[in-house]
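Counting starts at 1 for both ligands and their atoms, following the listed order.
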Amino acid sequence: MTVETQAVKLTETAETVLKRRYYLKGEQGEPVENWEKLCRRVANAVALPDRDLDDYEELKDHFFSLIYQLDFLPNSPCLMNAGTGIGQLSACFVLPVEDSMEGIFSAVKNGALVHKTGGGTGYSFSRLRPKNATVSSTQGVASGPLSFAAVFDVATETIKQGGKRRGANMGVLRVDHPDIMDFICAKEDQTRFTNFNFSVAITDAFMKALYDEAEYDLVDPVTCEIVERLNAREVYDKIVELAWHNGEPGVLFIDTANRANPTPQLGEFEATNPCGEQWLLPYESCNLGSINLGQFVKGGEVDYDRLARCTRLATRFLDNVIDCNVFPIPEIAEMTMKTRKIGLGVMGLHDMLIQMAIPYGSRNARELSSKVMSFIRRVSQETSEELARIKEPFPAYDPKTNDYTPRRNAALTSIQPTGTVSMIADCASGCEPYFSIVMVKHVMDGDRLLMVNKHFERVAKEEGFYSSELMAKVADTGTVVGHSEIPAVWQDVFRTAQDISYGDHIQMQGNLQCNGVDSSISKTINMSNAATKEDVRLAYMMGYELGCKGLTVYRDGSRDHQVLNTKSAS
Ligand code: UDP
C-alpha cells in the first residue's frame with residue numbers, strides 16, 4: 001500500500017525558523033536540507049526501532065507524511081537531532097537535587113549535559129536544608145535553596161542548548177519549606193534568575209489552611225522538624241501579589257499531580273519540566289509531540305476517523321523515539337526506559353474552533369475541546385495497550401499497584417506550549433487562543449506590513465467586510481471587538497487571548513486537564529493590565545478547584561520584556 005502525501009506550502013516565517021535552527025547545515029553554515037529532507041531524516045530515524053516488523057517500509061512513509069503534512073510535529077529536539085548522530089530527542093527532564101554538596105553539584109553538571117542537547121530541566125529545591133541550618137562537616141551554616149538556585153542559573157547562562165536555544169529551567173519549592181517567603185519574592189527583581197521559571201508547590205494541607213483561615217507548618221526537610229508556623233492567607237497573598245506584579249511565581253498543585261501518579265511504586269512527583277506540562281519523577285525524561293487540530297476539520301465537523309489514524313501513528317512515533325534516543329546520562333536512560341512516558345498533545349486548538357465558528361471562551365468550545373482531547377487520550381491508550389502486546393509493557397508496570405491494563409507507556413498525554421513548532425505549522429500554539437489577529441511587522445524605511453490571521457482574512461473576504469483600513473484598525477486597537485464593520489458573530493469567534501476572560505481561560509484548562517490529559521498543560525491565564533490582585537487570588541483558587549495541576553497567570557504589560565506583543569512582530 002502506498003501512503004498518500006498532500007503537498008504543503010510552508011509560510012515564510014516557517015521557512016525562516018527552519019533555516020535558522022532546524023535544517024542541517026553545511027561547512028559554510030548554509031542549510032543543506034529542505035522541509036522534505038528534514039521530514040525523511042526524522043521519519044527514517046524514528047522508524048528504525050521497528051526494522052524487524054512487517055510494516056517497516058510503510059511505517060517510514062506514514063511517519064514522513066504525518067510530519068510533512070503538518071498533521072503532527074514532534075518537539076524541537078527531535079526535529080533538530082533525529083538521524084544526525086546527536087540523537088537526544090526529548091524536551092523534558094527532571095533532575096533530583098540532593099541535600100549535599102556532591103548532590104547539588106552533580107545536578108548542576110547533569111543539567112548542563114541536558115541543556116547542551118536542547119532539553120529543558122526541572123528541579124525541586126525542596127530537599128535542601130533551609131538557610132542558616134547547620135552544616136556538620138564544616139560547623140558552618142547552610143546557604144539555602146535560593147543561593148544554590150543561583151548557581152544553576154549562572155551555569156545555564158553559559159550553555160546554549162545545542163547552540164540553538166537558551167537553556168530553560170523550572171525551579172520548584174514546596175510551600176511548607178522554611179525558605180518559602182524568600183523563594184516567593186526571589187524574582188521580584190526581574191534581572192535575577194532569568195533562566196528559571198519559579199513555581200511554588202502548593203499542597204492540599206496548605207489549601208485547607210487557606211480555606212480555614214488557619215496556620216500551617218513549615219518543615220525542615222532534613223530533620224523533619226516543624227520549625228515555624230505561618231498564616232496560609234498571608235503566604236497566599238504574597239504569592240498573589242508577586243504573580244500580579246510580574247507573573248511569577250506560578251503555582252503547581254503537587255498533591256493533585258501525585259494523586260494521578262501512574263507509577264507511585266517508583267516515587268513521588270516533585271517537579272515539572274520548565275513550561276509545566278510534564279510532571280516527571282527524578283531522572284525521568286519525556287518526549288513530546290503535538291497533533292495540529294486545525295488540520296482535522298472537514299465540512300465544519302471534526303474528522304474523527306482521520307484524527308484516530310493520526311493519533312495511533314503519533315503514539316507509535318513517540319514510543320519509538322524512546323528507543324532511538326541517546327540519553328545524556330545513564331540515570332536518565334534507566335528511569336526513562338522504566339516508565340516510557342510520552343507527551344502527546346495538541347496545537348491549533350483555536351484553529352479548529354475558528355473553523356467551526358465556535359468562540360474560544362464559550363461552553364461549546366470547552367465541550368468540544370474536551371471531547372476531542374478525551375478521544376485522543378482514548379485512542380492513544382488503545383494504541384499503547386496494543387504496543388504492549390506486540391512489544392512489552394513499560395518495565396515498571398506492576399499489576400499489584402497499577403489498576404490499569406498493561407500498556408507500553410506510563411503516561412500518554414500532556415499539552416506542550418509548542419512555542420516554535422506551532423510557528424512551523426502556522427497555527428495557534430498548544431491549547432492557547434491566538435494572541436492577535438492582525439500583527440504589524442516593521443520593515444525597512446519605517447514601513448509597516450500588516451500580517452492578517454489566515455482564517456480572519458478568509459472569513460472577512462468571504463463575508464465581504466475585508467478592507468485594508470479595517471485591518472489597520474484591528475492592528476492598532478489589538479482586537480476585533482468593537483468594530484462595527486465586523487458582524488457580531490465574527491467578533492466573538494475571533495476574540496484573542498486578551499479579549500477572553502480569565503475565568504474562561506481557566507475553565508478551558510480545567511476541562512482539558514480532567515478530560516484527556518494525563519500529565520499537565522502549559523497554558524497562560526491572560527489578564528488585562530487592569531486586573532486586580534483579587535482576580536489573581538480567585539484565579540489560583542478556581543484552577544485548584546477545577547482540578548488543574550498548575551497555573552500561570554500573566555497580566556498584560558506587567559513584565560519589562562514581554563515576549564509577545566499584540567501590536568508588533570519582528
Ligand atoms: N524547552 C526548552 N527550551 C526552550 C523552549 C522549550 O528547554 O527554549 C523545553 C521545555 O521543557 C518546554 C518544552 O521544551 O516545556 C516544550 O516547549 P515548546 O513546546 O515551546 O517547544 P518546541 O518543541 O515548540 O520548540
Below 3.5 Å, N or O to N or O, backbone or side chain included: is there any such pair between G419 and ligand 1?
yes
Check step by step if side chain to side chain contact (heavy atoms under 4.5 Å, CB included) holds for T13 and D426.
CA-CA 8 Å; T13 309; D426 187 29; over 6 Å; no
Can you name the nearest heavy-atom pair linking T5 to F64, along with the distance?
CG2-CE2, 4.1 Å
Which ligand 1 atoms does N273 reach within 4.0 Å, using its non-hydrogen atoms?
11 (O), 12 (C), 15 (O)
Nearest option to atom 12 (C) of ligand 1, as decided by whichever heavy atom of C286, C275, G289, P417 sits closest:
C275
For ligand 1, which atoms have a heavy atom of G119 less than 4.0 angstrom away?
7 (O)
With side chain to side chain donor-acceptor pair (under 3.5 Å) as the criterion, how do E36 and N34 come out once you've worked through the C-alpha distance, each side chain's angles and the decisive distance to 0.1 Å?
CA-CA 6 Å; E36 188 177 340; N34 57 20; 5.4 Å; no
Looking at C514 and L546, what are the two nearest heavy atoms and their distance?
SG-O, 3.3 Å
Output the list of atoms in ligand 1 that are nearer than 4.0 Å to some heavy atom of A168, sorted by atom number.
2 (C), 3 (N), 7 (O)
Looking at F296, I'd like to know if the NZ or CZ of R306 sits under 6.0 Å from its six-membered ring centre while staying within 45 degrees of the ring's axis.
yes
So, is G276 polar-close to ligand 1, with some N/O to N/O distance under 3.5 Å?
no
Looking at every heavy atom in both P274 and M170, which two are closest together, and how far apart are they?
O-CE, 3.4 Å
Out of A91, S90, C78, G430, whose heavy atom sits nearest atom 11 (O) of ligand 1?
A91
Under 4.0 Å from a heavy atom of Q416: give me the atoms of ligand 1 that qualify, with their elements.
16 (C), 18 (P), 19 (O), 21 (O), 23 (O)
Could you tell me whether some N/O pair between S422 and ligand 1 is separated by less than 3.5 angstrom?
no
Could you pull out, from M347, E277, M423, the option with a heavy atom nearest to atom 16 (C) of ligand 1?
E277
A student checking ligand 1 against S76 at a 4.0 Å heavy-atom cut-off should list atoms 22 (P), 23 (O), 25 (O)
Just jot down the ligand 1 atoms closer than 4.0 angstrom to any heavy atom of G120, in number order.
7 (O)
Please say whether N75 places an N or O atom under 3.5 Å from an N or O atom belonging to ligand 1.
no
Side-chain donor-acceptor contacts of residues 324-332 below 3.5 Å, not counting sequence neighbours, with atom names and distances?
unit_1, atom_1, unit_2, atom_2, d
N325, OD1, L89, N, 2.8
N325, ND2, S90, OG, 2.9

Minimum heavy-atom distance between Y360 and L353, given as atom pair plus value
CD1-CD1, 3.8 Å
What's the shortest heavy-atom distance between R127 and P96, and which atoms?
NH2-CB, 4.1 Å
Do any nitrogen or oxygen atoms of P74 lie less than 3.5 angstrom from nitrogen or oxygen atoms of ligand 1?
no
